[in-house]
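Here's the structure, in structure tokens; my notes come after.
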Number of protein chains: 2
Amino acid sequence: MNLAELKSVCGACGIRELCLPAGLSDEEVHLLDQHVAHRQSVRKGDYLYRMGDPFRSLFAVSHGFFKTVLVHEDGRGQVTGFQMMGELLGLEAIHSERQVCDAIALEDSAVCTISFEQFEELGHLMGNLQHRFNQDLSREIAREHSLMMLLGTMRSEERLSVFLLDLARRHERRHQSGDAFVLRMTREDIGSYLGIKLETVSRLLSRLHDEGVLDVHGRHIRILDRQALAHRGQDSA
Amino acid sequence: MNLAELKSVCGACGIRELCLPAGLSDEEVHLLDQHVAHRQSVRKGDYLYRMGDPFRSLFAVSHGFFKTVLVHEDGRGQVTGFQMMGELLGLEAIHSERQVCDAIALEDSAVCTISFEQFEELGHLMGNLQHRFNQDLSREIAREHSLMMLLGTMRSEERLSVFLLDLARRHERRHQSGDAFVLRMTREDIGSYLGIKLETVSRLLSRLHDEGVLDVHGRHIRILDRQALAHRGQDSA
DNA sequence: CGATTGGTTGAGCCCATTCAACGAATGTGG
DNA sequence: CCACATTCGTTGAATGGGCTCAACCAATCG
């Protein structure tokens, strides 16, 4: 992890409304900036944190892309999420004194580091901030409920379709094309996240490509027929 | 839903240290009691809330047993959790104005109803309460990460074993036997939660019974060999 | 340049599903 | 109180979706 500290710039940040300060006043954002956050870069492949590390801070993805991985005793790993700019990392560790999973940068990235101790104090002063944070935590719980539905009830083709449409939606919220984007993770990462094997991911992408639903060139994806993608697997074959 | 309001009794509650007030002073618990919570009974089979209901309150299970179910547009349902006494319901709805899943009582139960608006105000006054609540939310996120691992990587026999051992652990925390207990949910509920079919659940229970790991009589379970149960599925056959 | 990592595709297999029949327990209405 | 319907659970036989094992190719890297 290469720690290049940069100036704190929540106030001037282009994704401010997608991130922790969403809905805060300029004054409140200034407080957050001054006392809580600073920026730090993370190189592709580096660990932002590892399971067992002491938990002290939350992280907001400033730019780049991360995955979080839960590693079982026996070595099996489960990708529990992918984080894009504006999304928070470390929420799952608040209840503990230690990190409970690994966070790994999938491309050169930067995060805003937020001392959790100071953050709680600030939340105490600013009901607004605390309210937003409760919502962030709750949204993460609801997101994982959806993922449980995916893992518990869906066929592999539907899992992949839901995954791609979710990525598309998140890109669009960030004013990037939802129809054409680059996958930052490997087929194995996707498979782990979706509870299927990497070979199955590869086969499904090939099939959707052959059927004209997607354009797939390695990690470059173009969604050609959203309707078709949205209906994959859930009812008909 | 049969709303019989009872006296609020956090202060005298036997499971206080398992519940929301864990770690609070008597004074703080008194505040919670007075201004925030009241008790309400829910009959077996009744809905505590349904998806789409306005979200106003959190609930703590006072006694009894609940399940939460996420219902997809097409009618498929996914059981996202089972809640025993001391555990919170409604956390996944805070980010929204509406409930995002159903909560159903699996036996005659009672819950403490906590106005979330008032709870947030109280959290603002009591940093301690807010801190604990952040931890509760985070713990729920971490719990769901583990469930993702279960759904994403484990064989059916291991899923069931992990489920039973988790139930055992939770019973023990409540000073009930972890070796002998009664399942409050159907085979179908278990299967939905674990991402397998009810017939598979039934077959697995029968097999573990035949092999002397469990004693199964309908919903009455006795764990005979924890070691064996803990090692099922994960490595050897 | 060989070594490594990531991706694609094929063939055969197996675990869990599907479909089905049946029994037990519970509840309901006449 | 009995006849009947419904819910819940068990077990069997056949099927199939995704896995395993394997070969191969492309890109990247030291």
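Letters A, B, ... are given to chains in the order of the sequence lines, protein chains preceding strands, and every chain is numbered from 1. Only heavy atoms go into these numbers, but all of them, side chains included; no hydrogens, no water, no symmetry mates. Please read all numbers here as calculations on a predicted model, not as lab measurements.
- B/T186 comes within 4.0 angstrom of sugar-phosphate atoms only, judged by non-hydrogen atoms across all strands, and of no base.
- Within 4.0 Å (heavy atoms only), B/L205 reaches no atom of the nucleic acid at all.
- Phosphate contact (OP1/OP2 of C/dT17, side-chain N/O of B/T200, threshold under 4.0 Å): present.
- The one candidate from A/R184, A/R43, A/K67, A/K44 that meets the salt bridge (charged side-chain N to carboxylate O under 4.0 Å, His left out) condition with A/E107 is A/R184.
- At the phosphate of C/dC15, neither OP1 nor OP2 sits under 4.0 Å from any side-chain N or O atom of B/R203.
- Within the 3.5 Å criterion, the main-chain N or O of B/A22 finds no donor-acceptor partner in the side chain of B/R16.
- Across the protein-nucleic acid pair, B/E188 atom CD and D/dG9 atom P stand 9 Å apart, rounded to whole Å.
- Among C/dT8, C/dA16, C/dT18, the nucleotide with an atom closest to any side-chain atom of B/R155 is C/dA16.
- In this structure, the nucleotide among D/dG18, C/dT17, C/dC15 sitting nearest to the side chain of A/S156 is D/dG18.
- Taken from CZ in A/R50 to CD1 in A/I104, the straight-line distance is 7.5 Å, to the nearest 0.5 Å.
- Ion pairing between a basic and an acidic side chain is recognised when a charged N comes within 4.0 Å of a carboxylate O; B/D210 and B/R207 show no such pairing.
- No engagement by A/R159 is indicated, since no non-hydrogen atom pair under 4.0 Å with the nucleic acid exists.
- Following rounding to the nearest Å, A/I196 (CD1) and D/dT20 (C1') show an atom-to-atom distance of 15 Å.
- In this structure, the CZ atom of B/R187 is 16 Å from the P atom of C/dT17, given to the nearest Å.
- Distances shown here put every side-chain N or O of A/R207 at or beyond 4.0 Å from the OP1 or OP2 atom of C/dT9.
- Residue B/E158 contributes atom CD, which lies 16 Å from atom C1' of C/dA16 at whole-angstrom precision.
- Atom pair A/L198:CG and C/dT9:C1' shows a separation of 12 Å (rounding to whole Å applied).
- Note on B/S202: a base of the nucleic acid sits closer than 4.0 angstrom, heavy atoms only.
- Computed from coordinates, the A/L208 CG to C/dT8 C1' distance equals 15 Å when rounded to whole Å.
- Remark: A/S206 is in phosphate contact with C/dT9, judged by side-chain N or O atoms under 4.0 Å from OP1 or OP2.
- Between B/H209 and B/H217, the ring planes lie perpendicular to each other; the angle is over 60°, past the 30° to 60° tilted range.
- To the nearest angstrom, C1' of D/dT7 lies 10 Å from CZ of B/R219.
- Residue A/K197 contributes atom NZ, which lies 8 Å from atom C1' of D/dC19 at whole-angstrom precision.
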